[in-house]
Amino acid sequence: MDTRIEKRVGVQATSDRIWELISDLPSWNRWNPHETDVSGTIAFGGVLNMTERLPGLPERQVQGRVGEWQPRAQLVWAEKRCFLFNTVRYFEIEELEKGSCIVASGLIFSGLRGEMFHDKHRNALRRVHEAIAEGLRRAAEA
C-alpha cells in the first residue's frame with residue numbers, strides 16, 4: 001500500500017512561468033526551503049541531487065532518478081531510500097486557463113518502512129509541502 005502527502009495551490013501565473021522556476025534547478029533555494037542545492041538533469045532517467053531538510057530530522061543528501069517529466073506539466077523523481085522504503089516525489093502543473101494554474105507538490109511513500117516513516121512524520125511532512133507549494137506560488141506570482 002502506498003501513502004501520499006500532497007499540497008495543491010492555485011497560482012496566478014502561466015504554466016510556462018511555473019515550469020521555468022521548477023526546471024531552473026539551482027534556483028530552488030529561492031523558493032523551496034526544504035529541498036536545496038539542487039543539481040542534475042531533467043531527462044528520462046536523469047539524476048537529481050539535492051539536500052533535504054525536514055523538521056526534526058538530520059539534513060540528508062538525496063539522489064533521485066527522473067521517472068517522468070513533461071514541460072509545463074510535471075516533474076517526477078524516485079528514490080530508493082533503504083530496504084523497504086521508496087519515495088516518489090513530484091510537481092504537477094494543471095493550467096486551468098492562461099495565467100491560472102493549480103500546482104501540486106507531493107510525495108508518495110511505498111514499502112513497509114516508507115509507510116512507517118509517513119505515519120511518524122505525517123504532520124511535519126504536510127507542513128513541508130505547504131511551505132514548498134506556497135514558496136513556488138509566491139515566486140511564480142512575483
Side-chain angles (χ1 to χ4, degrees), residues 1-82 84-111 113-142:
M1 184 172 127
D2 294 340
T3 54
R4 174 186 309 247
I5 299 283
E6 181 180 87
K7 176 61 179 176
R8 295 171 60 84
V9 294
V11 180
Q12 296 303 307
T14 64
S15 59
D16 288 323
R17 173 66 180 139
I18 297 164
W19 181 253
E20 177 184 303
L21 291 166
I22 291 172
S23 64
D24 183 5
L25 301 175
S27 79
W28 284 24
N29 288 13
R30 288 184 250 152
W31 54 267
N32 185 338
H34 299 287
E35 296 160 326
T36 59
D37 307 318
V38 182
S39 65
T41 304
I42 298 176
F44 293 108
V47 173
L48 299 181
N49 297 295
M50 65 191 69
T51 301
E52 180 184 79
R53 293 181 177 96
L54 300 177
L57 294 170
E59 178 179 295
R60 70 181 200 91
Q61 298 305 304
V62 172
Q63 186 174 76
R65 187 156 307 275
V66 176
E68 296 180 45
W69 73 282
Q70 180 180 353
R72 298 175 302 284
Q74 69 176 348
L75 174 60
V76 181
W77 66 98
E79 178 192 13
K80 182 169 181 57
R81 290 179 64 143
C82 68
L84 298 178
F85 189 171
N86 301 304
T87 60
V88 173
R89 175 78 176 89
Y90 62 91
F91 288 107
E92 292 178 340
I93 305 165
E94 178 185 352
E95 190 162 53
L96 304 174
E97 58 186 50
K98 196 68 170 171
S100 180
C101 297
I102 300 290
V103 175
S105 172
L107 184 59
I108 301 169
F109 297 88
S110 62
R113 290 184 184 196
E115 292 171 20
M116 290 168 42
F117 183 87
H118 167 268
D119 291 347
K120 183 175 182 179
H121 301 285
R122 174 184 8 229
N123 291 331
L125 291 167
R126 280 194 183 117
R127 288 189 302 275
V128 162
H129 284 277
E130 287 172 6
I132 292 170
E134 286 298 325
L136 182 55
R137 180 190 62 76
R138 282 190 304 275
E141 291 178 350

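Using a 4.5 Å cut-off on side-chain heavy atoms (C-beta onward), Arg53 and Asp37 make contact. A heavy-atom distance below 4.5 Å is not found between the side chains of Ile132 and Lys7. Phe117 is listed as a side-chain neighbour of Leu57, based on a closest heavy-atom distance under 4.5 Å. Between Thr87 and Val62, every side-chain heavy-atom pair lies at or beyond the 4.5 Å cut-off. Two residues are said to be in side-chain contact when any heavy atoms from C-beta on lie closer than 4.5 Å; Lys120 and Met116 fail this criterion. With a 4.5 Å cut-off on side-chain heavy atoms, Arg30 and Asp24 count as touching. When side chains are defined from C-beta on, Trp28 counts as touching Glu35, because their heavy atoms get closer than 4.5 Å. Put simply, the side chain of Ile18 does not reach to within 4.5 Å of the side chain of Arg72, judged on heavy atoms.
Between Ser27 atom OG and Glu20 atom CD the span is 8.5 Å, to the nearest 0.5 Å. Note that the OG1 atom of Thr14 and the CD atom of Glu95 stand 6.5 Å from one another [nearest 0.5 Å]. To the nearest 0.5 Å, atoms CG (Leu75) and CD (Gln70) are separated by 11.5 Å. Atoms CD1 and NE2, on Ile5 and His118 in that order, are 3.5 Å from each other to the nearest 0.5 Å. Arg60 contributes atom CZ, which lies 4.5 Å from atom CD of Glu52 (distance to the nearest 0.5 angstrom). The distance from the CZ atom of Arg4 to the CG atom of Leu125 is 14.0 Å, given to the nearest 0.5 Å.
The side-chain hydrogen bond (donor to acceptor under 3.5 Å, both in side chains) test with Ser105 is passed by exactly one of Arg89, Glu134, Glu92: Arg89. Of the listed residues (Val103, Ile93, Ile102), just one forms a side chain to side chain contact (heavy atoms under 4.5 Å, CB included) with Val11, and that residue is Val103.
The heavy-atom pair separating Ile22 from Trp31 by the smallest distance is CA-CZ2, 4.3 Å. Between Trp69 and Ala43 the shortest heavy-atom distance is NE1-CA, 3.4 Å. The two residues Ser110 and Asp2 make their nearest non-hydrogen contact at CB-OD1, 3.0 Å. Heavy-atom minimum distance, Ala104 versus Arg8: CB-CG, 3.8 Å. Across Gln74 and Val76, no two heavy atoms sit closer than the pair OE1-CG2, 3.8 Å. When all heavy atoms of Glu68 and Phe44 are compared, the pair lying nearest together is CA-CE2, 3.9 Å.
Panel note: side chain Glu79, backbone Gly64; no donor-acceptor pair is recorded below 3.5 Å. Distance alone, capped at 3.5 Å, places no donor-acceptor pair between the Arg65 side chain and the Ala78 backbone.
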- [ ] Show your working on side-chain contact (heavy atoms from CB on, under 4.5 Å) between Lys98 and Asp16 and close with a plain yes or no.
- [x] CA-CA 10 Å; Lys98 196 68 170 171; Asp16 288 323; 3.8 Å; yes

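The aromatic rings of Phe109 and Phe85 are tilted relative to each other, their planes meeting at an angle between 30° and 60°.
With sequence neighbours excluded, no residue satisfies ring pair (Phe, Tyr, Trp, His ring centres under 6.0 Å) with Trp19.
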